[in-house]
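The figures that follow rest on heavy atoms only: side chains count, while hydrogens, waters and symmetry mates do not.
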Amino acid sequence: MSEFRIHHDVNELLSLLRVHGGEGAEVYIELLQKNRTPYVTTNVSAHSAKVKIAEFSRTPEDFLKKYDELKSKNTRHLDSLVYLLSKLTEDKETLHYLQQNAKERAELAANAGTSSSSTNFSIPCSTSKMSLQELEELRKQLGSVTASSSAQQPLELTRKILRDKQNKKNSGQPIPVFPSWVYERPALIGDFLIGTSLSTDTTVPIGTLPLASQESMIVEDLLYVLIGVDGRYITAQALVGRQNRAFSLDPNLDLSIKELVTRILPVAASYSAVTRFIEEKSSFEYGQVNHALAAAMRTLIKEYMILITQLEHLQRQGLLSLQKLWFYIQPTMRTLEILASLATSVDKGECMGGSTLSLLHDKTFNYTGDSQAQELCLYLTKAASVPYFEILEKWIYRGIINDPYSEFMVEEHELQKEKIQEDYNDKYWDQRYTVVQQQIPSFLQKMADKILSTGKYLNVVRECGRDVTCPVAKEVIYTLKERAYVEQIEKAYNYASKVLLDFLMEEKELVAHLRSIKHYFLMDQGDFFVHFMDLTEEELKKPVDDIITTRLEALLELALRMSTANTDPFKDDLKIDLMPHDLITQLLRVLAIETKQEKAIISAEPTELTLSGLEAFSFDYIVKWPLSLIINRKALTRYQMLFRHMFYCKHVERQLCNVWISNKTAKQFSLHSAKWFAGAFTLRQRMLNFVQNIQYYMMFEVMEPTWHILEKNLKLVSEVGMEGLTNGRPNFSNCSCLLVLLELLWLFTSQHFDALSCFFPGEFTGGSRSRIVSVSAHSWQNF
């Protein structure tokens with residue numbers, strides 16, 4: 001778990017517990033980071049933790065019941081949570097705090113409950129005694145409320161919810177639907193029909209028959225019951241919720257026969273559960289993985305039906321006794337029990353796609369000591385994983401997602417790549433394709449990030465009009481050996497990374513574009529900037545509203561043609577950008593993204609003081625897809641802020657040089673008169689030396705070494721993969737040039753204005769400095 005995830009979870013937990021004040025989240029975050037362990041919670045530690053919590057709990061039965069219920073639903077990270085709770089039981093201070101917090105929250109909930117009157121029944125006043133009739137009426141009302149809240153959601157409503165969700169995602173291609181008569185004819189299901197009888201013949205009381213005749217009649221009934229049809233003396237009871245099927249036996253049946261029949265009936269109950277599961281999950285709404293699982297179970301049920309047919313043939317020949325039936329049904333009993341257990345778990349957990357595969361995988365591992373049960377689960381998991389692996393293969397080998405039922409671990413979102421130039425927070429790359437944690441099979445959990453990246457890399461190349469197919473593509477088949485998946489996914493990842501790298505570095509010339517950005521944003525082309533600043537000096541002195549942008553664009557074009565920048569093949573991508581705010585305000589806006597201060601900074605009213613062209617001026621750079629994934633708006637903004645800072649310093653240097661030129665007029669004065677200028681000349685020279693030294697430091701001591709490291713990393717990027725390209729964005733921790741120290745930057749800028757106002761009182765007084773002071777003073781209150 002990353003540091004940011006820990007920070008988010010701790011803050012969320014504190015907000016849920018309504019913790020205010022104190023030492024804050026940082027203390028807990030530091031404590032958690034120190035106590036992180038690479039070891040996974042084992043079954044032994046989870047079991048001991050469960051026992052410890054049960055011993056500590058006031059109602060251990062309820063806790064164990066809830067644990068088993070969540071375990072049957074294959075809840076993720078359940079054992080880790082139980083282990084954490086067991087550790088909390090040992091911490092007396094934390095326990096006391098949680099108990100106090102629970103008491104306070106209960107009081108708040110009680111106060112909120114008393115203020116609202118939304119109950120549908122009235123409770124008699126506690127000061128008067130309730131009569132037995134009132135008590136019984138209240139019990140019935142409470143029972144009806146509980147029953148209605150715990151009632152199972154109708155299958156038709158469940159299908160409709162799933163269908164609407166899937167159609168919303170696949171608006172262009174709605175999923176198919178079975179005709180209504182499929183659900184309206186229960187005789188097609190193959191399960192028991194409650195309220196019907198086998199025939200209209202009068203049933204002879206079984207208690208009046210001899211023992212041999214009773215056995216013969218019961219064997220015939222059992223053969224019917226084992227295939228989902230009620231017999232004369234054995235009938236199925238109506239289902240209540242998710243309970244297993246129960247049966248009613250004729251009370252007059254001989255006890256010895258009844259005992260043996262009750263041993264066989266669980267087979268019929270398991271068959272009923274499996275049959276209902278197959279029919280329910282065969283609907284389109286439940287996804288391809290459940291379809292494949294239901295089809296595999298249907299194949300096994302056909303084998304079971306063949307066995308019942310053979311037993312019926314023996315029964316008609318008079319060769320099948322109750323004992324023989326019990327003997328022949330033994331191997332099938334275990335199989336149907338496992339199938340029913342799997343069906344119940346999938347149904348309770350409402351599993352689809354990857355969550356179904358996780359459940360099957362865990363069940364397969366749990367049967368490690370039982371070879372036959374493990375082989376059966378392995379067969380079902382292999383069959384169910386086929387459609388999931390087909391989606392996986394298309395994703396990691398071609399970069400295509402074909403997931404109409406939302407079963408895959410990677411989910412696609414509709415985002416326009418054209419807006420990536422305006423994106424400050426990598427939204428397109430991070431949110432176009434995301435991982436759905438619930439749909440990650442447990443055996444692919446460790447490779448989820450690489451699976452996501454592999455498809456994303458290939459998808460970028462496909463969106464550029466090139467069809468790519470992995471040459472090392474192999475069919476992915478489920479196995480208990482996870483190493484097989486790791487090797488295949490690693491090969492696909494390496495290929496996808498190489499294809500995208502070659503595409504960006506060779507065909508799209510990423511390095512050449514970065515060098516072009518360095519020429520202009522990091523002021524690498526000295527002669528170009530001399531020409532440009534000479535041409536635009538008068539224009540940039542104007543207020544920003546009076547500046548004609550097309551004139552600046554023309555002057556930029558002229559400067560590019562007159563300098564060595566004319567040889568740059570990407571010089572036409574350079575544009576003029578007059579920002580609506582100065583550097584400090586821009587920096588504050590960027591730092592405020594995705595924070596509480598974002599709205600306050602963005603909605604702040606602009607000052608009445610107008611910006612000069614110098615304060616608003618910046619370069620912009622047009623980056624086309626797919627290079628915009630690497631050189632996006634976030635990276636360009638960082639380059640812009642570095643450029644604005646250095647451009648301003650360069651302007652100050654030019655002004656001081658102009659002061660030096662103007663000071664030449666002092667030569668016409670006598671030596672006695674000129675000595676009065678010595679103090680001013682010394683101050684000017686010290687200021688010029690300082691500005692030149694700070695520029696030298698930023699360009700040659702900070703940015704140039706950092707740029708060499710970047711170029712070195714880009715040469716090695718083929719070895720480290722696509723993730724190394726993130727180094728193409730300037731790192732503020734190593735290349736800040738005062739931009740991360742807002743207070744120091746404000747002091748540095750304001751001192752420049754104070755100094756220059758001594759030599760140019762008409763240009764550097766009032767407006768510009770006041771704007772910096774007012775903006776900065778407002779900003780420090782928020783940060």
Side-chain angles (χ1 to χ4, degrees), residues 178 181-183 185-193 198 219-231 234 236 244-245 247 264-284 286-317 319-320 324-347 351 356-357 359-360 363-364 367 370-388 477-478:
F178 279 134
W181 58 263
V182 173
Y183 307 108
R185 298 184 180 181
L188 297 175
I189 297 176
D191 196 16
F192 294 95
L193 297 177
L198 183 65
V219 167
E220 183 180 0
D221 265 18
L222 281 173
L223 292 176
Y224 278 112
V225 170
L226 289 174
I227 59 173
V229 180
D230 283 334
I234 306 175
N244 292 330
R245 178 76 70 180
F247 297 91
I264 299 175
L265 284 179
V267 180
S270 298
Y271 168 80
S272 175
V274 174
T275 303
R276 281 182 278 114
F277 176 83
I278 291 173
E279 292 300 323
E280 178 186 344
K281 302 304 178 184
S282 295
S283 297
F284 289 103
Y286 291 96
Q288 296 178 348
V289 173
N290 284 335
H291 295 171
L293 177 61
M297 286 186 173
R298 185 178 281 111
T299 302
L300 297 174
I301 290 297
K302 286 181 180 178
E303 298 292 330
Y304 168 76
M305 297 297 285
I306 292 173
L307 171 65
I308 300 301
T309 304
Q310 293 171 344
L311 293 176
E312 184 181 4
H313 181 67
L314 291 176
Q315 187 264 340
R316 290 186 176 183
Q317 292 180 340
L319 301 176
L320 184 65
K324 282 186 177 181
L325 177 60
W326 170 243
F327 173 76
Y328 287 133
I329 210 75
Q330 285 293 316
T332 307
M333 179 178 289
R334 178 62 175 158
T335 301
L336 285 177
E337 181 185 350
I338 294 173
L339 292 181
S341 173
L342 290 174
T344 304
S345 298
V346 172
D347 200 28
C351 299
T356 299
L357 294 180
L359 189 146
L360 293 172
K363 291 283 186 182
T364 305
Y367 287 123
D370 189 343
S371 59
Q372 292 183 347
Q374 189 176 48
E375 186 178 355
L376 173 62
C377 289
L378 189 60
Y379 164 75
L380 293 174
T381 312
K382 279 185 177 179
S385 64
V386 169
Y388 191 91
I477 301 175
Y478 174 78

For this session: Go through Arg276 and Asp347 one step at a time and tell me if the side-chain contact (heavy atoms from CB on, under 4.5 Å) criterion holds.
Result: CA-CA 10 Å; Arg276 281 182 278 114; Asp347 200 28; over 6 Å; no
Exercise. When you look at Ile301 and Tyr271, which way does the side-chain contact (heavy atoms from CB on, under 4.5 Å) test go after all the steps?
Worked result: CA-CA 8 Å; Ile301 290 297; Tyr271 168 80; 3.9 Å; yes
For this session: Verify side-chain contact (heavy atoms from CB on, under 4.5 Å) between Leu359 and Leu342, making sure each step is shown before the conclusion.
Result: CA-CA 8 Å; Leu359 189 146; Leu342 290 174; 4.2 Å; yes
Exercise. Would Leu226 and Ile264 satisfy side-chain contact (heavy atoms from CB on, under 4.5 Å), going step by step from the backbone distance to the final call?
Worked result: CA-CA 9 Å; Leu226 289 174; Ile264 299 175; 4.3 Å; yes
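Remark: the backbone N or O of Tyr286 is not paired with any side-chain donor or acceptor of Lys281 at under 3.5 angstrom. Put simply, the side chain of Asn290 gets close to the backbone of Cys351: a donor and an acceptor are under 3.5 Å apart.
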Name the atoms and distances for all side-chain donor-acceptor pairs under 3.5 Å in residues 305-312, with sequence neighbours left out.
{"from": "Thr309", "atom 1": "OG1", "to": "Met305", "atom 2": "O", "distance (Å)": "2.8"}
{"from": "Glu312", "atom 1": "OE2", "to": "Arg316", "atom 2": "NH2", "distance (Å)": "3.1"}

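The side-chain hydrogen bond (donor to acceptor under 3.5 Å, both in side chains) test applied to Ser270 returns no partner, not counting sequence neighbours. Glu279 is linked by a side-chain contact (heavy atoms from CB on, under 4.5 Å) to Ile189, Arg298, counting only residues two or more places apart in sequence or in another chain. Listed by chain and number, the residues in a side-chain contact (heavy atoms from CB on, under 4.5 Å) with Ala384 are Val289, Leu293, Leu357, Leu360 (sequence neighbours excluded). A search for side-chain contact (heavy atoms from CB on, under 4.5 Å) contacts involving Ala236 returns Phe192, Ile194, Asp230, Arg245, Phe247, not counting sequence neighbours. Listed by chain and residue number, nothing satisfies the ring-ring contact (aromatic ring centres under 6.0 Å, His included) test with Phe277 (two or more places apart in sequence, or in another chain). Partners of Thr332 according to the side-chain hydrogen bond (donor to acceptor under 3.5 Å, both in side chains) rule, which considers only residues two or more places apart in sequence or in another chain, do not exist here. For Thr335, the side-chain contact (heavy atoms from CB on, under 4.5 Å) partners at least two apart in sequence or on another chain are Leu339, Leu376. Checked against side-chain hydrogen bond (donor to acceptor under 3.5 Å, both in side chains), Gln317 has the following partners two or more places apart in sequence or in another chain: His313. Tyr478 meets the side-chain hydrogen bond (donor to acceptor under 3.5 Å, both in side chains) test with His361; sequence neighbours excluded.
For the pair Lys363 and Ser345, the minimum side-chain heavy-atom distance is below 4.5 Å. By the 4.5 Å heavy-atom criterion applied to side chains, Leu380 and Leu300 are counted as neighbours. Using a 4.5 Å heavy-atom threshold, the side chains of Leu378 and Tyr367 count as separate.
Judged as a side-chain hydrogen bond (donor to acceptor under 3.5 Å, both in side chains), the pairs with a partner in residues 372-388 (not counting sequence neighbours) are, in order, Thr364-Thr381.
In this structure, Val274 and Ala340 approach most closely via the heavy-atom pair CG2-N, 3.6 Å. Contact record, Met333 with Trp326: CE-CZ3, 3.3 Å, taken as the closest heavy-atom pair.
At a threshold of 4.0 Å, the pair Arg334-Asp370 counts as salt-bridged, since one of the basic side-chain nitrogens sits closer than that to a carboxylate oxygen.
Here Thr275 contributes atom OG1 and Tyr304 contributes atom OH; the two are 8.5 Å apart, rounded to the nearest 0.5 Å.
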